[in-house]
2 protein chains.
Amino acid sequence: MTDKKPPVRRSEKSRQAILTAARELVAEYGFAKLTIEAIAARAGVGKQTIYRWWTSKGAVVLDSLIGDTPNGAALPDTGDLATDLREVMRLTAAEMASPEIQASTRAMNVAVQTDPALAEVYRERYLGPALASARDRLASAREAGQVAADADLEVAAEVLFGAIYYRWSLGLGPLDDAYADAVVRLVASGLR
Amino acid sequence: MTDKKPPVRRSEKSRQAILTAARELVAEYGFAKLTIEAIAARAGVGKQTIYRWWTSKGAVVLDSLIGDTPNGAALPDTGDLATDLREVMRLTAAEMASPEIQASTRAMNVAVQTDPALAEVYRERYLGPALASARDRLASAREAGQVAADADLEVAAEVLFGAIYYRWSLGLGPLDDAYADAVVRLVASGLR
DNA sequence: CTGTCAAGACGATACGTCTCGTCTTGCGAT
DNA sequence: ATCGCAAGACGAGACGTATCGTCTTGACAG
């Protein structure tokens, strides 16, 4: 979302102030009530400075929240697939359930739902790495013989996170360890 | 969303006109660009008549789209679980992928993401029945011995639809038969 | 001297409330 | 049974507010 073009004379201070203001305001008021004018005011920045470098409220918000999140990390590899998956799934579930980051995550989600271009960025910089590292762990498990040779690891990774996302997004039930474990049990067993 | 209280004197004609206009406008312009004023204008109705009976744009849209959809239907029961699941999942995937109803479904989804009260309605009138009928089919499969006795059917149903929802919502890949089949393969195998 | 900056004026929408005068409807009196 | 009337729902749209995205200004930095 930041311009790819040479932002030669761009003020880094303003950029940071804008992203920080956006992050704070989203946490305080949520995405719907957030306005560009409020971001500009809190950042001590002219509106034009925002419009010059971003295309929309969603772009600013996504930019401000992405990179925030420790997501590219590889999954642990203790040798037992189910254990490692349980670990990540429990963590992910807890993170999504956490009230502190609920507002931010919801904001990012709405932004992504509304603008395909943002969805693209979100997928590449956020979701992609997470899915890839899960896929890698599954591949290593397959080499260890814990997963059937013909299993579709891509789909398996999606199914795992999809389950959490589904429940979280639509408020279908609690995102606790029990749920994470149940999903892992089902998928891990399906992969054998 | 419609008042539970005695809508004794409520004009059914206006109600229908509003819901129809909302449905059309969502399909034409999408949720974001939809305005209450446009709905009122197309429906030939005063704005107040909308505000009298609905609380928000989202409420009108959800009301206009819910009930539209043939969702409570029980799953087929041919005796083979995987076959039946494949059937529903393929159908669901195709439906979500269909351009004609994309706009509507996206609109409903955004509305639900934005307002917890709408999410409640959506879950009860739309999602609940779908999940329930999947769960029922799984229960019948369990009785037939095709599913492990200790399997969590609730979670399994969520995982199935969650996978489609995840891919659809975030645009992770094509929603084709191959994907539906892969998910079913994984879950059905996990349930044994 | 060219481009970014903060500040904010500007026209364009859309919001949600309100007021107006008209219609519709339920119900009690006839 | 029919009628008359009050309550209130209706279509229309004016109103003030909020936010949008653009545009203008003058300062100043490279």
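A note on names: the letters A, B, ... follow the listed sequences, proteins ahead of strands, and every chain is numbered from 1. On a predicted model such as this, the values are computed, not experimentally measured, just so you know.
Atom CZ of R15(A) is separated from atom C1' of dA6(C) by 19 Å (rounded to the nearest Å). I39(B) places its CD1 atom 12 Å from the C1' atom of dA14(C), with the value rounded to the nearest Å. For the pair K33(A) NZ and dC20(D) P, the computed distance is 15 Å after rounding to whole Å. Here dT17(C) presents its C1' atom at 18 Å from CH2 of W54(B), a figure rounded to the nearest Å. The separation between I50(A) atom CD1 and dT22(D) atom C1' is 14 Å, rounded to whole Å. Spacing between atom OH of Y51(A) and atom P of dT19(D) amounts to 12 Å, rounded to whole angstrom units. Atom-to-atom, CD1 of I36(B) to P of dA18(D) comes out at 19 Å; the value is rounded to the nearest Å. At whole-Å resolution of the value, NZ in K13(A) and P in dC28(D) are 13 Å apart.
In this structure, S133(A) contributes its side chain and A130(A) its backbone to a donor-acceptor pair below 3.5 Å.
Between T49(B) and dA9(D) there is no side-chain N or O to OP1 or OP2 distance below 4.0 Å. One finds a side-chain N or O of S14(B) lying less than 4.0 angstrom from the OP1 or OP2 phosphate oxygen of dG11(D). At the phosphate of dT4(C), neither OP1 nor OP2 sits under 4.0 Å from any side-chain N or O atom of R52(A). In this model, the phosphate group of dG8(D) is not approached by any side-chain N or O of W53(B) to a distance below 4.0 Å at OP1 or OP2.
Nearest nucleotide to the side chain of E37(A), out of dT19(D), dG16(C), dG11(D): dT19(D). With distances taken from any side-chain atom of Q48(B) to the nucleotides dC20(D), dC18(C), dC10(D), the minimum falls on dC18(C).
For the pair R42(B) and A21(B), the tightest heavy-atom approach, listed with the atom from each and the gap, is CG-CB, 3.8 Å. I66(A) approaches Y122(A) most closely through the heavy-atom pair CD1-CA, 4.3 Å.
To the nearest 0.5 Å, atom CZ of residue R86(B) and atom CG of residue D80(B) are 7.0 Å apart.
Both the sub-6.0 Å distance and the 45° axial angle are not jointly satisfied by R15(B) relative to the ring of W53(B).
Projected onto DNA chain C by closest heavy-atom contact, K47(A) and A43(A) fall at different nucleotides, the more 5' of which corresponds to A43(A).
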